[in-house]
Amino acid sequence: MKVKDIMTKDLTAVSETTTLEEVARILSRGRYAGLPVVDDEQRVIGFISEKDLIESAFPGQLGGAVDMIFIRNWAQTYVRLSQVGERQVKDFMTREPVCVTEGDTDVHLAELMVREKKKIVPVVREGRLVGIVRRADLCRVLMEKKEK
Amino acid sequence: MIATVTLNPAVDKMLVLLGRKIERLNRIEVAATIPGGGGINTAYAIQALGTDVVAMGLIGGMSGRFIQEELWKTEITTDLVHIEGETRTNYIVLNRNNRLLAQINEKGPKIFLEELEDFEKRFERILSRSGMIVLSGSLPRGVDSGIYAELINKASRKGIRTVLNASGEALLKGIKAQPAIVKPDIRAMDSLLGIRPNTTPRRVELARKILKEGAQIAIVGGTREGQVVATQDKAWEVAIPLEEAVNIVGAGDAFIGGLAHVLAQDGELSEAIRVGAAASAASTLQVEAKVRSREQVEQFLGKIELKELSGFES
């Protein structure tokens, strides 16, 4: 199975100059674990995750424990973020993010998601965003394959 | 790629009345619950015909999430802003013979400035990869009636053709921005630009007036009445075959989808009108009121007759 059979055709993304407050709003409302960062032509140039946002609100205080955090109370997080909410994505995003193409296999995707600890990976065509693939999408497809 | 914009989408609930006519108390069955809104209906037609399409707009709450999931199931690409408010629900009441008895539309949620700003940023980005933009439907609360004009101007600056399918102030202001194609939604209007388009000559007259404002193509009419399509030097009238129609809600939006699909590939306008009319007819075949496949459209193509209106010059 290929990524094109698994992906979600969602172009939701932010730009380098989007504020963290705006990112938090989009993550929260859309229930995203992270967002691709794109340029004016929707080329993927980075990725910003909920983990990046939490780290921005608690700089230098979390160490390796951040992976264990699941955001349950966005109201409290907003209070923290209000102090850094005006900062821009470019200061916190991962540059040259892990991406896949529509022709990549499910095995490649699974290996990538586990090895790189990614909950969500942008799907690109000639560098431009065409969708995303989430761990949940992959799990659903793997279970469907098993049933067959 | 074609991008469709639906700023006030809806969940359409198709209700079948169990009694003969609407009374004070009515028993109904919910026949279908589907994503609705002009641009979304148009996106379904474009996708079914095989052109890449991205559905843009503002969605909120469980209803908004339902719309997004349904679009993804059809493999329509989305770029939708999640808003704080709840996407509206529209109620379409049919009788047992599938005759439309009433359509009850909610106004829609209030939109906040930051939500609109997010949409506008996405719109700017989508312009870099779109050949055509379809702006369709009513506006939710909090959105200025000049927004379509603003979006048309942004697209025009990048040389991208726009289609405007709207009503009221948003339509009038949008026409002034000279979109390539204008299709007024005349359902809720007694008249537009001083003309009541209830006969073919009056529809032609209204098309002329729209063209004088700067549009290249004007489409005036309705699914039951047929559509007049006019350019600066030619005009046609086309009837929509409705012999097998179950639900005509959104058929006008499907017409735009078929038309846009052909024009985006630099096809002839006469062919675009034929495909538009066939898509319009295909969308009426199920109570779900959507074009579901290219084959559905093709089965109507042979039944479409274009009548060229002689002596037309705007």
Side-chain angles (χ1 to χ4, degrees), chain A residues 2-32 35-46 74-75 78 81 85-86 88-89 102 122-134 136-137 140-141 144, chain B residues 1-5 43-44 46-47 52-87 109 111-130 154 157-158 160:
Chain A
K2 306 284 189 189
V3 165
K4 69 179 169 59
D5 305 313
I6 306 168
M7 65 189 272
T8 300
K9 291 185 167 181
D10 186 352
L11 300 184
T12 297
V14 292
S15 70
E16 277 190 305
T17 55
T18 304
T19 63
L20 295 190
E21 184 183 3
E22 177 76 356
V23 173
R25 190 176 58 76
I26 297 171
L27 289 177
S28 167
R29 295 233 183 107
R31 299 180 191 168
Y32 296 102
L35 294 167
V37 182
V38 296
D39 67 10
D40 291 344
E41 300 194 333
Q42 285 192 322
R43 279 186 291 262
V44 177
I45 56 171
W74 275 99
Y78 274 132
L81 284 173
E86 293 304 311
Q88 294 184 338
V89 163
E102 292 155 288
V123 184
V124 296
R125 191 187 303 158
E126 294 171 354
R128 283 179 157 185
L129 184 67
V130 291
I132 53 170
V133 60
R134 302 164 295 189
D137 298 324
R140 173 179 48 80
V141 169
E144 282 172 4
Chain B
M1 179 188 270
I2 300 173
T4 70
V5 172
Y44 270 90
I46 294 169
Q47 175 78 6
D52 280 345
V53 63
V54 54
M56 305 189 73
L58 308 165
I59 56 168
M62 292 301 290
S63 300
R65 206 165 288 283
F66 168 79
I67 289 172
Q68 188 173 45
E69 292 286 341
E70 288 296 308
L71 290 169
W72 287 341
K73 279 183 200 167
T74 320
E75 300 208 358
I76 293 173
T77 301
T78 63
D79 198 349
L80 298 163
V81 177
H82 287 264
I83 60 168
E84 187 179 321
E86 178 83 19
T87 291
I111 306 301
F112 294 96
L113 183 62
E114 66 269 20
E115 295 165 345
L116 206 53
E117 285 173 349
D118 184 7
F119 169 78
E120 286 176 350
K121 283 178 202 163
R122 295 174 192 235
F123 183 81
E124 295 267 9
R125 289 199 294 261
I126 215 72
L127 291 177
S128 71
R129 58 200 291 189
S130 299
K154 282 182 179 174
R157 281 196 287 274
K158 299 208 169 180
I160 298 165

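Protein chains get the first letters and strands the later ones, always in sequence-line order, with residue 1 at the start of each.
Only the side chain of B:Asp52 comes within less than 4.5 Å of a heavy atom in chain A; its backbone stays farther off. Of the two parts of A:Asp40, only the backbone, made up of N, CA, C and O, holds a non-hydrogen atom closer than 4.5 Å to a non-hydrogen atom of chain B.
The closest side-chain heavy-atom distance from A:Ile26 to B:His82 is not below 4.5 Å. Under the 4.5 Å side-chain criterion, counting only non-hydrogen atoms from C-beta, A:Val130 is in contact with B:Arg129. By the 4.5 Å heavy-atom criterion applied to side chains, B:Phe119 and B:Val5 are counted as neighbours. A:Val37 is listed as a side-chain neighbour of A:Glu16, based on a closest heavy-atom distance under 4.5 Å.
Residue-level contacts of residues 71-81 of chain B with chain A, in order of numbering, are B:Trp72, B:Glu75, B:Ile76, B:Thr77, B:Thr78, B:Asp79, B:Leu80; threshold 4.5 Å between heavy atoms. Annotation: residues 60-69 of chain B contacts chain A through B:Arg65, B:Gln68 [non-hydrogen atoms, separation under 4.5 Å].
Interatomic distance, NZ of A:Lys4 versus CZ of A:Arg125, reported as 11.0 Å (0.5 Å rounding). Between A:Arg128 atom CZ and A:Asp39 atom CG the span is 8.0 Å, to the nearest 0.5 Å. Summarising the geometry, atom CD belonging to B:Glu84 is positioned 13.0 Å from atom CG belonging to B:Leu58; distances are rounded to the nearest 0.5 Å.
Comparing B:Leu127, B:Ile59, B:Ile83 by heavy-atom pairs within less than 4.5 Å of chain A, the highest count is held by B:Ile83. When each of B:Asp118, B:Ile126, B:Val54 is checked for heavy-atom pairs under 4.5 Å with chain A, B:Asp118 comes out on top.
A salt bridge links A:Arg134 with A:Asp137: the distance from a Lys NZ or Arg NE/NH1/NH2 to an Asp or Glu carboxylate oxygen falls below 4.0 Å. Here B:Glu124 pairs with B:Lys154 in a salt bridge; the nearest charged N to carboxylate O distance falls below 4.0 Å.
With hydrogens and angles disregarded, a donor-acceptor distance shorter than 3.5 Å links the side chain of A:Thr18 to the backbone of A:Ser15. Side-chain atoms of B:Glu115 come within 3.5 Å of backbone N or O of B:Phe112 as a donor-acceptor pair.
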